[in-house]
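Worksheet for the structure shown next.
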Number of protein chains: 2
Amino acid sequence: MTNGARSADQIYDILSQRIAERALAPGASLTETVLASEFGLSRTPVREALHRLAGEGLVERGARRAFFVRRMTAADLSDLFESLGEIEATCARLAALRMTEIERDGLNRMVTEMPRDYARHNSSFHAAIRAGARNQILATLALDLERRSLPWRDASLRASAARVEQSRLEHRAIVEAVRDGDGSRAAKLMRSHMAGSLSTISERLG
Amino acid sequence: MTNGARSADQIYDILSQRIAERALAPGASLTETVLASEFGLSRTPVREALHRLAGEGLVERGARRAFFVRRMTAADLSDLFESLGEIEATCARLAALRMTEIERDGLNRMVTEMPRDYARHNSSFHAAIRAGARNQILATLALDLERRSLPWRDASLRASAARVEQSRLEHRAIVEAVRDGDGSRAAKLMRSHMAGSLSTISERLG
DNA sequence: ACTATAAAATATGTATACATATTCTGGCTG
DNA sequence: CAGCCAGAATATGTATACATATTTTATAGT
């Protein structure tokens with residue numbers, strides 16, 4: 001995620017990360033010339049990075065066509081989180097139909113062991129499901145939406161120990177459905193798992 | 001779809017359409033300088049359009065980082081069509097849960113009348129379902145994937161009268177499920193409807 | 001003839017200057 | 001004082017020149 005020979009790619013990665021971490025807050029302005037001098041480059045690669053971010057919905061344009069970090073309404077956020085949940089659910093359904101026995105066993109081992117780093121574990125779990133779905137495009141869409149949703153997640157909720165335990169239980173239930181080859185149950189469980197994991201930030205919507 | 005004040009947008013629209021119509025065949029090279037002189041513009045807006053097309057997967061890069069119209073393997077096509085089908089199915093499920101009575105009645109009228117222009121009718125039908133799903137992001141994803149799949153559809157199949165009649169029946173069944181508020185049935189029917197409508201071109205994959 | 005190597009060709013990557021469009025500001029006018 | 005019009009300010013849009021990277025081609029040596 002962090003490399004690309006071209007300066008434009010590096011700028012894209014850096015800005016993308018800053019937005020995800022909210023080092024660049026929603027509504028912050030991103031002007032080509034300012035960024036160019038900050039990075040010690042010309043406007044050209046900065047411009048390319050900004051257009052790319054705009055195409056992915058992380059950045060918007062307003063007066064004087066200036067770029068700024070996207071502000072989202074509650075409805076926008078709801079749509080975004082729901083979309084991500086639906087796509088992950090679709091992947092779970094397909095994974096239930098398509099994973100090999102070996103993959104199913106691996107997935108099962110993953111959720112029965114006690115994870116040390118939950119964030120990492122969670123990421124691996126979802127990656128395994130997406131891989132099991134055998135559809136590169138759906139996997140890419142899920143990753144894009146996830147990145148797009150990062151600046152809007154409620155970090156405090158993620159950290160909660162109770163929430164982590166709850167998530168572990170949900171993961172296990174999903175894996176059980178996958179092992180049974182029960183696609184629609186896997187999808188349903190994944191949908192509600194995502195709905196619970198993703199939570200909007202009610203205050204300061206941008 | 002055809003307007004945008006900026007030259008870069010116009011170039012994007014034109015190239016996008018040419019690729020969809022296969023006026024630019026898969027594998028055709030798109031060099032910035034050639035296109036620039038063809039459009040009577042400089043490389044800058046052409047460059048922007050090409051990068052945007054590349055980001056959407058219509059165009060790829062190869063030797064010398066040159067751009068060319070994307071070639072797809074059978075597996076790529078299968079993933080693309082499946083993704084589109086799954087997202088439309090998701091929209092159908094949500095529409096079954098969320099459409100108003102008025103919308104359901106409108107949808108029902110749409111599929112009981114005999115359409116004069118089937119392509120137009122089909123497009124309206126899917127648009128209505130997407131609108132009923134009440135999720136702007138899913139709707140946009142569906143439109144993007146549809147545009148991306150256009151160059152690869154088998155036109156001969158679409159024209160078939162038998163196929164049109166079959167589609168009409170499938171539309172009616174979907175509407176029935178939507179009217180019943182039966183989301184999972186609507187999704188299932190939409191999924192198989194899409195699988196039947198979209199067909200890969202086995203010869204000349206690019 | 002074949003291989004290695006260096007130079008040319010070719011396409012994009014980047015920098016910079018200028019064009020254009022839109023907002024903001026200030027002063028004029030009613 | 002309100003409203004409007006002109007011009008400055010500001011940000012992106014476009015054009016063009018130059019840099020860089022990679023592939024092709026030509027050539028020399030064995």
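All chains are named by letter (A, B, ...) in the order of the sequence lines, taking the proteins before the strands, and each is independently numbered beginning at 1.
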**Interatomic distance, A:Phe68 CZ vs D:dA11 P [rounded to whole Å]** = 14 Å
**Asked** What is the distance, rounded to the nearest whole Å, between atom CZ of B:Phe67 and atom C1' of C:dT10?
**Response** 15 Å
**Message:** I'd like to know if A:Glu38 pairs up with A:Arg18 as an ion pair, taking the criterion as any Lys NZ or Arg NE/NH1/NH2 lying under 4.0 Å from an Asp or Glu carboxylate oxygen.
**Reply:** yes
**Prompt:** Once you round it to whole Å, what is the distance between C1' of D:dT12 and CG of A:Leu30?
**Reply:** 14 Å
**Message:** Using only atom types and a distance under 3.5 Å, with no angle test, would you say the side chain of B:Arg61 pairs donor to acceptor with the backbone of B:Ala66?
**Reply:** no
**Expected output: side-chain B:Arg104 to main-chain B:Met99 donor-acceptor under 3.5 Å** = yes
**Prompt:** Looking at A:His193 versus A:His126, is the centre-to-centre ring distance below 6.0 Å?
**Reply:** yes
**A:Glu86: partners by salt bridge (Lys or Arg N to Asp or Glu O under 4.0 Å), with sequence neighbours left out** = A:Arg191, B:Arg93
**Message:** Please list, in numerical order, the residues of residues 48-61 of chain B that have a heavy atom closer than 4.0 Å to any atom of DNA chain C.
**Reply:** B:His51, B:Arg61
**Message:** Under a 3.5 Å distance rule, please check whether B:Thr140 uses its side chain to pair with a backbone N or O of B:Gln136 as donor and acceptor.
**Reply:** yes
**Donor-acceptor contact present, side-chain B:Arg98 to main-chain B:Ala133, <3.5 Å** = yes
**Prompt:** Closer to the 5' end of DNA chain D via nearest nucleotide, is it A:Ala66 or A:Thr44?
**Reply:** A:Ala66
**Prompt:** Heavy atoms under 4.0 Å, any strand shown: does B:Ile11 hit a base, just sugar-phosphate, or nothing?
**Reply:** nothing
**Asked** What's the CZ-P distance between A:Arg47 and D:dT14, to the nearest Å?
**Response** 7 Å
**Under 4.0 Å protein heavy-atom contact, by nucleotide of nucleotides 19-24 of chain D - B base, S sugar-phosphate only** = ----SS
**Asked** Quick check: does any side chain N or O of B:Ser78 sit under 3.5 Å from a backbone N or O of B:Ala74, one acting as donor and the other as acceptor?
**Response** no
**Message:** Would you say A:Ser7 places a side-chain N or O within less than 4.0 Å of OP1 or OP2 belonging to C:dT14?
**Reply:** yes
**Request:** Please figure out whether B:Glu32 or A:Ser42 has its closest DNA chain C nucleotide nearer the 5' end.
**Result:** B:Glu32
**Prompt:** Do B:His51 and A:His51 have ring centres separated by under 6.0 Å?
**Reply:** no
**Asked** Do the side chain of B:Thr31 and the base of C:dA11 come within less than 3.5 angstrom through a donor-acceptor pair of N or O atoms?
**Response** no
